[in-house]
Amino acid sequence: TIKRRRDFFTGPKSLLSHRLNREYQYFEESELLGIMTHLIDVLEYLQQNSIAHGDIRPDACFISKEGIIKIVNRRILYDSRSSFEIARDGDHNVFLTPHAFEALGKKQNEPIQDRYRADVFSLGMTLLECATLKKSAQCYDWNNFTLNLNILSSRLLEVKERYSETFYE
């Protein structure tokens with residue numbers, strides 16, 4: 001079970017992406033709801049303080065053995081570039097909004113967009129990866145700079161078949 005707490009980690013922890021890649025064990029619906037609730041709480045707190053995270057993805061989430069989730073702002077700790085700049089420099093493991101992804105394909109500057117909505121989009125892609133155990137980065141068509149709607153639809157169908165209708169909606 002995922003537990004909601006606001007204090008710092010004590011004890012062993014690993015990136016959420018490592019759990020997805022190593023254990024290859026589906027989350028229970030209650031665990032996904034816990035992850036989603038916690039991430040929404042964090043994004044709400046950040047928005048109330050006029051801060052956008054800018055890089056929500058499994059590589060930015062730590063999970064303890066007790067199921068406590070924490071989000072790291074990798075831009076502060078490791079890399080000050082935005083997700084758009086990271087993608088422009090060749091890292092395809094970021095979750096860009098369709099608008100930003102299209103601008104990247106046209107070699108435009110980072111588009112002006114609602115940063116909070118971009119965080120919500122990235123949250124959705126993160127949850128999709130957790131629910132399917134498949135990299136959400138594969139939903140991006142890097143040749144045409146669009147989202148591959150066939151892959152995205154297929155993943156959403158997997159979620160619908162594995163979890164409750166309520167969770168899917």
Side-chain angles (χ1 to χ4, degrees), residues 1-84 86-87 91-98 100 113-140 147 152 155-169:
T1 304
I2 304 298
K3 300 175 185 171
R4 294 170 58 193
R5 293 184 29 183
R6 294 186 185 260
D7 57 339
F8 292 100
F9 273 125
T10 55
K13 57 199 169 286
S14 68
L15 288 171
L16 181 59
S17 60
H18 291 172
R19 175 174 171 186
L20 295 172
N21 295 332
R22 274 189 308 199
E23 295 181 20
Y24 201 74
Q25 180 180 359
Y26 287 99
F27 285 99
E28 296 292 326
E29 186 169 317
S30 62
E31 292 177 302
L32 285 175
L33 288 170
I35 291 169
M36 179 177 67
T37 301
H38 178 76
L39 294 177
I40 289 170
D41 286 349
V42 170
L43 292 181
E44 179 182 44
Y45 172 81
L46 291 174
Q47 185 174 358
Q48 288 171 351
N49 290 280
S50 302
I51 301 167
H53 186 277
D55 191 26
I56 302 292
R57 56 183 164 151
D59 281 347
C61 301
F62 284 95
I63 185 166
S64 72
K65 288 185 177 184
E66 296 80 26
I68 300 167
I69 280 230
K70 292 290 178 183
I71 300 176
V72 158
N73 189 334
R74 298 174 62 82
R75 291 177 67 183
I76 292 172
L77 294 178
Y78 308 115
D79 193 343
S80 63
R81 298 174 300 162
S82 69
S83 292
F84 185 88
I86 291 168
D91 184 346
H92 296 177
N93 196 31
V94 295
F95 301 148
L96 299 176
T97 63
Q113 62 182 353
D114 186 319
R115 300 174 310 148
Y116 307 116
R117 285 185 180 189
D119 277 349
V120 171
F121 180 83
S122 297
L123 167 65
M125 295 300 278
T126 297
L127 290 172
L128 184 63
E129 190 165 319
C130 289
T132 63
L133 302 180
K134 295 177 181 171
K135 296 275 187 194
S136 289
Q138 295 169 346
C139 295
Y140 291 85
L147 284 176
L152 192 56
R155 302 272 170 91
L156 290 171
L157 184 59
E158 287 180 49
V159 172
K160 186 176 186 176
E161 291 171 353
R162 180 167 305 284
Y163 299 101
S164 73
E165 187 70 26
T166 304
F167 180 79
Y168 173 75
E169 292 176 358

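Shown here for His92 and Ala137, the closest heavy-atom pair between the two residues is O-CB, 3.4 Å. Contact detail for Val94 and Ser83: the closest heavy-atom pair is CG2-O, 3.8 Å.
Just one residue in the list Asp119, Ile56, Thr126, Leu128 forms a side-chain contact (heavy atoms from CB on, under 4.5 Å) with Phe95, and that residue is Thr126.
Side-chain contact between Asn93 and Arg57: present, with at least one pair of heavy atoms (C-beta onward) separated by less than 4.5 Å. Within the 4.5 Å cutoff, the side chain of Leu156 has heavy atoms near those of the Tyr168 side chain. Taking 4.5 Å as the limit, some side-chain heavy atom of Tyr163 sits within range of a side-chain heavy atom of Tyr26. A 4.5 Å side-chain heavy-atom check between Pro98 and Tyr140 finds every atom pair outside the cut-off. Put simply, the side chain of Ser122 does not reach to within 4.5 Å of the side chain of Asp55, judged on heavy atoms.
Between the CG atom in Leu123 and the CE atom in Met36 there is a gap of 8.0 Å [rounded to 0.5 Å]. Here Phe27 contributes atom CZ and Leu33 contributes atom CG; the two are 12.0 Å apart, rounded to the nearest 0.5 Å. Between atom NE2 of residue His38 and atom CD1 of residue Ile71 there is a gap of 5.5 Å, rounded to the nearest 0.5 Å. In this structure, CD1 on Ile35 lies 4.5 Å from SG on Cys130, to the nearest 0.5 angstrom. A distance of 9.5 Å separates CE in Met125 from CG in Leu96, rounded to the nearest 0.5 Å.
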Evaluation steps, side-chain contact (heavy atoms from CB on, under 4.5 Å), between Arg117 and Thr97: CA-CA 9 Å; Arg117 285 185 180 189; Thr97 63; over 6 Å; no
Full working for side-chain contact (heavy atoms from CB on, under 4.5 Å) between Lys134 and Glu158: CA-CA 11 Å; Lys134 295 177 181 171; Glu158 287 180 49; 2.8 Å; yes
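Between the side chain of Gln113 and the backbone N or O of Ala118, no donor-acceptor pair lies under 3.5 Å. In this structure a side-chain-to-backbone donor-acceptor pair under 3.5 Å is present from Asp114 to Tyr116.
One finds no salt bridge joining Arg155 and Glu129 here, because no Lys/Arg side-chain nitrogen approaches an Asp/Glu carboxylate oxygen to under 4.0 Å.
With no hydrogens or angles considered, no side-chain donor-acceptor pair links Gln47 and Arg115 at under 3.5 Å.
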